[in-house]
Amino acid sequence: MAYDVEKPDEQWRAELTPAEYAVLRQSATEPAFTGEYTDTKTKGVYSCRACGADLFESDTKFESHCGWPSFYDPKDSDAVELVEDRSHGMVRTEVRCARCGSHLGHVFAGEGYPTPTDQRYCINSVSLRLTPAEG
Ligand SMILES: [Zn+2]
């Protein structure tokens, strides 16, 4: 599939830090409980660190205690792309930025969290950039 934002690999590598590149472009996962947004409660909008697209709002962030920032719904349903991921001997649903195709994390459903969707978008902090709400 073609994304609105596409760049050669060398350009992504130059623009992103090594940690950002590993997660966003090589689908790595940051270690649990290390990301800068794991416990953040600041109001605002989380955007894609690769292309700047708005992805999640702080209102849908919840405490999952899983070690990564967790959201129960994307900002807009077409802000993210869901892709079946059969790596590591599991069947999971990968979450990518719909604008640039960068890896964000995975989404899990039916875990029993008390949220409106019963979904957990488990997203790497390093994939996101929080813009605090004004005021
Ligand atoms: Zn993006």
Side-chain angles (χ1 to χ4, degrees):
M1 119 162 224
Y3 296 101
D4 288 349
V5 175
E6 292 196 342
K7 299 178 185 179
D9 193 56
E10 316 84 75
Q11 193 177 344
W12 286 123
R13 202 183 282 270
E15 291 179 0
L16 301 170
T17 68
E20 291 166 354
Y21 179 83
V23 172
L24 287 159
R25 305 306 307 174
Q26 297 185 307
S27 303
T29 299
E30 68 191 9
F33 300 103
T34 64
E36 65 178 297
Y37 298 132
T38 304
D39 297 316
T40 301
K41 294 186 175 64
T42 306
K43 295 273 183 211
V45 175
Y46 290 87
S47 55
C48 174
R49 201 174 286 198
C51 78
D54 289 352
L55 299 175
F56 296 96
E57 292 182 279
S58 58
D59 289 351
T60 64
K61 193 172 188 289
F62 68 100
E63 290 186 61
S64 65
H65 307 288
C66 73
W68 293 275
S70 299
F71 305 84
Y72 62 75
D73 210 19
K75 185 170 186 296
D76 299 300
S77 56
D78 57 359
V80 298
E81 178 189 21
L82 304 180
V83 182
E84 186 179 84
D85 174 10
R86 291 182 170 270
S87 66
H88 304 291
M90 297 176 274
V91 180
R92 295 179 294 172
T93 303
E94 181 188 357
V95 182
R96 293 183 190 169
C97 171
R99 188 160 160 219
C100 72
S102 290
H103 175 80
L104 304 172
H106 291 87
V107 60
F108 303 91
E111 297 176 313
Y113 286 106
T115 62
T117 63
D118 201 11
Q119 289 185 316
R120 175 170 63 92
Y121 285 78
C122 181
I123 306 298
N124 293 282
S125 293
V126 80
S127 297
L128 301 172
R129 179 159 282 126
L130 172 62
T131 303
E134 291 179 23

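In this text, all values refer to a predicted model and were calculated from it rather than measured experimentally. What you see below is based on every heavy atom in this structure, not just the backbone, and it leaves out hydrogens, waters and symmetry mates. For ligands, and for the atoms within them, numbers begin at 1 and follow the listed sequence.
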Just distance, no hydrogens or angles: give the donor-acceptor pairs under 3.5 Å from side chains in residues 101-121, sequence neighbours left out.
unit_1: Ser102; atom_1: OG; unit_2: Arg25; atom_2: NH1; d: 2.9
unit_1: His103; atom_1: ND1; unit_2: Glu94; atom_2: OE2; d: 2.8
unit_1: His106; atom_1: NE2; unit_2: Asp85; atom_2: OD2; d: 2.7
unit_1: Glu111; atom_1: OE1; unit_2: Arg120; atom_2: NE; d: 2.7
unit_1: Glu111; atom_1: OE2; unit_2: Arg120; atom_2: NH2; d: 2.8
unit_1: Tyr113; atom_1: OH; unit_2: Ser64; atom_2: O; d: 3.0
unit_1: Thr115; atom_1: OG1; unit_2: Asp118; atom_2: N; d: 3.2
unit_1: Thr117; atom_1: OG1; unit_2: Tyr72; atom_2: O; d: 2.6
unit_1: Thr117; atom_1: OG1; unit_2: Gln119; atom_2: N; d: 3.1
unit_1: Asp118; atom_1: OD1; unit_2: Gly112; atom_2: N; d: 3.0

Next item on the list: Answer yes or no: is there a side-chain heavy-atom contact under 4.5 Å between Lys43 and Asp59?
Entry: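 Sidechains of Asp59 and Lys43: in contact.
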Checklist line | Pairing residues for Asp9 by the side-chain hydrogen bond (donor to acceptor under 3.5 Å, both in side chains) criterion, not counting sequence neighbours | finding: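 If we apply the side-chain hydrogen bond (donor to acceptor under 3.5 Å, both in side chains) test to Asp9, skipping adjacent residues, the hits are Tyr21.
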Next item on the list: Locate the shortest heavy-atom distance separating Ser47 from Gly52; write the atom from each residue and the value.
Entry: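 Heavy atoms of Ser47 and Gly52 come nearest at CB-O, 3.5 Å.
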Item checked: Basic-acidic side-chain contact under 4.0 Å: Arg92, Glu84 -> no
Notebook entry, point to check: Partners of Tyr37 by ring-ring contact (aromatic ring centres under 6.0 Å, His included), sequence neighbours excluded?
Noted result: Tyr46
Notebook entry, point to check: What are the protein N, O or S atoms, given as residue plus atom name, that sit under 2.8 Å from the Zn ion (ligand 1)?
Noted result: Cys48 SG, Cys51 SG, Cys97 SG, Cys100 SG
